[in-house]
Amino acid sequence: MKSPVLVAAELQGLLEPDQLAGLDVTWLPADDATPKGDWIAIVPLLSRWVGGTELKQLPKLRIVANCAVGYDNVDVVAAEMRKVIVTNTPDVLTDATADLTWTLILACARRLVEAIDLVRDGRWAGWHPELLLGLELRGRTLGLFGAGRIGQAVGRRAVPFGLRIIYAARTAKPDFERDSGAARVDWSRLLAESDILSLHAPSTPETKGLINSGTLRRMKPGAILVNTARGDLIREEALAIALEEARLGAVGLDVYADEPAIHPRLRAAPRTVLLPHIGSATNDTRRKMAAIALANVQAVLRGEPPLTPVFR
Ligand code: NAP
């Protein structure tokens with residue numbers, strides 16, 4: 001008999017038939033509520049909250065195979081209490097997300113949105129020595145908040161740009177320091193010394209709201225802030241005010257506190273590069289993410305350990 005599983009309908013085009021072998025799949029569109037029933041696995045997108053209520057509605061559930069590396073959409077404590085395994089999709093999205101972070105860093109530093117708008121709107125009046133002057137990267141300081149897989153990949157890409165690299169994380173990263181020359185600093189120094197501050201920590205009770213009116217005032221005047229981690233690390237209204245008052249040089253965001261809504265004041269603020277959460281959006285990466293999520297389901301259904309549990 002095939003095993004009944006719930007899989008996000010949006011993954012259908014990314015999965016091959018052999019990855020679904022032995023599964024009786026119910027495709028669950030993102031806008032539909034999580035149903036009640038006897039499914040034994042669920043493969044959600046990061047937009048689906050899987051908490052105590054949902055877990056209770058799925059009494060036979062054995063695994064939540066999240067199709068993302070972040071798992072702040074899953075109540076892992078409630079899952080553990082019900083002996084439900086939680087897995088994520090680490091590593092395969094690291095390069096794609098680091099590349100997109102660099103897309104934002106460069107777009108902010110060289111004022112790409114303003115430049116594109118100038119040309120597209122027909123307002124460009126020709127070469128001018130002071131037209132759209134940006135930030136030269138060489139010799140500046142890149143600060144990383146969080147230096148795990150993605151933070152380190154962003155840092156390693158900074159070496160050929162001639163940036164000095166500093167990072168804040170809970171534990172030291174000696175290999176990363178050796179390869180990139182990065183120095184570990186505390187949060188206060190990270191805020192005060194970064195010309196570019198890039199966020200790469202998960203959303204947790206400790207990191208939520210970390211960028212707020214107080215911490216924004218401790219950043220260097222004219223600094224660039226980039227966030228490809230999770231939106232709720234930033235208080236969006238405070239960020240909009242910092243941009244309106246020209247205290248920051250530019251902000252590049254891929255993620256927001258209440259996606260797909262963006263705080264109207266932030267959407268209207270100057271010097272922003274706002275992307276629609278596409279950090280891992282390459283063809284290869286999205287296929288690999290879906291493949292790992294389903295491989296985790298298949299392993300657990302065979303009675304084997306999952307490939308990528310969030311807790312070992
Ligand atoms: P990771 O390898 O687990 O790295 C997370 C880093 O954050 C680690 O260095 C960790 O420190 C640090 N950290 C955690 N809590 C901290 C705290 N309170 N203070 C300081 N540092 C803290 O995760 P990853 O694979 O790099 O992914 C990072 C995040 O990126 C994910 O959680 C996800 O939310 C986001 N993401 C977004 C996209 C997108 O599409 N935009 C794509 C992929 C991932 P330790 O190493 O010392 O524990």
Side-chain angles (χ1 to χ4, degrees), residues 10 44-49 66-74 76 86-105 107 142-157 165-177 180 182-191 194 197-212 215 225-234 251-257 259-260 262 273-286 288-290 292-293 308-312:
E10 293 73 13
L45 305 180
L46 51 77
S47 50
R48 180 174 300 280
W49 172 246
N66 212 35
C67 193
V69 68
Y71 48 88
D72 45 296
N73 60 308
V74 182
V76 289
V86 181
T87 61
N88 63 351
T89 62
D91 300 316
V92 292
L93 44 59
T94 297
D95 281 331
T97 310
D99 288 350
L100 191 88
T101 305
W102 269 96
T103 307
L104 285 171
I105 292 172
L142 170 67
L144 304 167
F145 179 72
R149 291 168 291 245
I150 299 169
Q152 290 188 32
V154 170
R156 288 175 205 276
R157 284 160 171 72
I165 304 157
I166 55 177
Y167 73 98
R170 294 173 301 190
T171 54
K173 315 290 175 196
D175 292 351
F176 175 52
E177 292 181 15
S180 67
R184 186 172 172 220
V185 297
D186 63 21
W187 173 232
S188 284
R189 274 190 64 192
L190 194 80
L191 280 175
S194 297
L197 176 60
S198 192
L199 308 182
H200 300 289
S203 167
T204 66
E206 294 78 44
T207 62
K208 274 184 194 169
L210 204 76
I211 301 291
N212 53 47
T215 50
L225 174 68
V226 168
N227 186 12
T228 59
R230 281 289 181 267
D232 56 10
L233 269 58
I234 295 179
V251 168
L253 302 176
D254 185 43
V255 287
Y256 307 88
E259 295 176 9
I262 300 178
V273 184
L274 304 179
L275 301 181
H277 202 149
I278 53 168
S280 63
T282 69
N283 208 342
D284 289 355
T285 290
R286 287 286 163 83
K288 286 179 188 165
M289 288 166 67
I292 291 184
T308 52
V310 301
F311 296 123
R312 292 198 183 266

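As the structure lists them, so they are numbered: ligands from 1, and atoms in each ligand from 1.
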Among all protein heavy atoms in this structure, tell me which lies nearest to [atom], with the distance rounded to 0.1 Å.
{"atom": "atom 33 (C) of ligand 1", "value": "R230 NH1, 3.7 Å"}
{"atom": "atom 42 (C) of ligand 1", "value": "T97 OG1, 3.3 Å"}
{"atom": "atom 4 (O) of ligand 1", "value": "G148 CA, 3.3 Å"}
{"atom": "atom 10 (C) of ligand 1", "value": "R170 NH2, 4.0 Å"}
{"atom": "atom 37 (C) of ligand 1", "value": "T228 O, 3.0 Å"}
{"atom": "atom 27 (O) of ligand 1", "value": "I150 CD1, 3.4 Å"}
{"atom": "atom 2 (O) of ligand 1", "value": "R149 N, 2.9 Å"}
{"atom": "atom 19 (N) of ligand 1", "value": "F145 CZ, 3.4 Å"}

Tell me the closest heavy-atom pair linking [X] and [Y], and the distance in Å.
{"X": "I165", "Y": "G155", "value": "CD1-O, 3.3 Å"}
{"X": "V74", "Y": "W49", "value": "N-CZ3, 3.8 Å"}
{"X": "N66", "Y": "P44", "value": "OD1-CG, 3.4 Å"}
{"X": "F176", "Y": "G151", "value": "CZ-O, 4.5 Å"}

Query raised in the report: So, are R157 and D95 salt-bridged, with charged N and O less than 4.0 Å apart?
Result: yes

Query raised in the report: For D91 and T308, what are the C-alpha separation, side-chain angles and deciding distance, and is it a side chain to side chain contact (heavy atoms under 4.5 Å, CB included)?
Result: CA-CA 10 Å; D91 300 316; T308 52; 5.8 Å; no

Query raised in the report: Are side-chain N/O atoms of T228 and T101 paired as donor and acceptor at under 3.5 Å?
Result: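 Checked: T228/T101 side chains pair up, N/O donor to acceptor below 3.5 Å.
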
**Report entry** With L93, the side-chain contact (heavy atoms from CB on, under 4.5 Å) member among R286, M289, R149
**Finding:** M289

With a 4.0 Å cut-off on heavy atoms, does [X] reach ligand 1?
{"X": "Y167", "value": "no"}
{"X": "V69", "value": "yes"}
{"X": "S280", "value": "yes"}

Query raised in the report: Less than 4.5 Å apart, any side-chain heavy atom of L225 and any of I234?
Result: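 Yes - at least one pair of side-chain heavy atoms lies under 4.5 Å apart.
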
**Report entry** Within reach of ligand 1, part of T207 (heavy-atom separation under 4.0 Å)
**Finding:**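 For T207, the contact with ligand 1 is made by the side chain alone.
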
Query raised in the report: Which ligand 1 atoms are under 4.0 Å away from a heavy-atom of H277?
Result: 39 (C), 40 (O), 41 (N)

Query - Rounded distance (nearest 0.5 Å) linking atom OH of Y71 with atom OG1 of T89 - result: 12.0 Å

Query raised in the report: Which is closest to atom 29 (C) of ligand 1 by heavy-atom distance: Q152, R184, K173, H200?
Result: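 Answer by nearest heavy atom: H200.
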
Query raised in the report: Counting heavy atoms only, which of A98, G146, A281, P202 comes nearest to atom 14 (C) of ligand 1?
Result: P202

Report task. Please say whether G151 places an N or O atom under 3.5 Å from an N or O atom belonging to ligand 1. Result ->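 For ligand 1, there is no N or O atom that lies under 3.5 Å from one belonging to G151.
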
